[in-house]
Amino acid sequence: MKLGDLRKTVFAMATLALALGTANVSADTGEQYAICKAELKAMYGEDTRVQLYGTKSYRGVTTLKLKVKPEGLSSMSVQCSGDTEADERVVLKDKNGDTLAS
C-alpha cells in the first residue's frame, strides 16, 4: 500500500469516527431540547414559543440556552441543563442562575 493511500484511509476513518460522535451528541441535544420545551410549555402554557440559540457541554452536563416567549408576557432567557449520564429531568434556570419553579 502506498503512503498516500494509507493517509487517505486514515483520514476517511477519522472523519467517519468524528461524524458518528457528532451525530450522537446532536441526538442527545435534540432529546434534551424536546424535554426542556415540554417543561416550559407546561409552566407557561401551550402557546409559549421556545427557541434554541446556544448549547454548551462540560463534564457530561449539556446546557441549552433558550429564548422563551410566553403569551402575554415579555421574552426571557432560560438555561436548561441535564446530566447525560443520569436519568433525571432537566433543570431550568433564569439568566441570573436562579432555578425556576416547575
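What you see is a predicted model; the values in this text were computed from it and never measured.
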Q) How close do Met76 and Pro70 get, heavy atom to heavy atom, and via which atoms? A) CE-CG, 3.7 Å
**Q.** Cluster overlap Val91 with Val78, hydrophobic side-chain contacts below 4.5 Å
**A.** no
Q. Does the Gln79 side chain pair with the main chain of Asp94, one donor and one acceptor, at a distance under 3.5 Å?
A. no
Q) Is there side-chain contact between Tyr33 and Val50, with heavy atoms separated by less than 4.5 Å? A) yes
(Q) Thr55 vs Thr29, test: side-chain hydrogen bond (donor to acceptor under 3.5 Å, both in side chains). Steps then yes/no. (A) CA-CA 8 Å; Thr55 63; Thr29 301; 5.6 Å; no
Q. Can you name the closest pair of heavy atoms from Glu39 and Leu92 and give their distance?
A. CB-CD1, 3.9 Å
**Q.** Side chains of Val68 and Thr48 in contact at under 4.5 Å (non-hydrogen atoms)
**A.** yes
(Q) For the backbone of Lys69 and the side chain of Gln51, can you confirm whether one donor and one acceptor N or O come within less than 3.5 Å of each other? (A) no
Q.
Working to the nearest 0.5 angstrom, can you tell me the gap between Ile35 CD1 and Lys37 NZ?
A. 13.5 Å
Q) Among Leu40, Leu52, Val90, which one satisfies side chain to side chain contact (heavy atoms under 4.5 Å, CB included) with Cys80? A) Val90
Q) Side-chain donor-acceptor pair under 3.5 Å between Ser57 and Thr62, yes or no? A) yes
Q | Whether Lys41 side chain and Glu46 backbone form a donor-acceptor pair below 3.5 Å | A | yes
**Q.** Heavy atoms of other groups near Lys67 NZ, more than 12 under 6.0 Å
**A.** yes
(Q) Around atom OH of Tyr58, are there more than 12 heavy atoms from other residues, nucleotides or ligands closer than 6.0 Å? (A) no
(Q) To the nearest 0.5 Å, what is the distance between CG on Leu66 and OH on Tyr53? (A) 8.0 Å
Q: Give the C-alpha distance, both sets of side-chain angles, the deciding distance and a yes or no for side-chain contact (heavy atoms from CB on, under 4.5 Å) between Asp98 and Lys93.
A: CA-CA 5 Å; Asp98 298 327; Lys93 296 181 180 182; over 6 Å; no
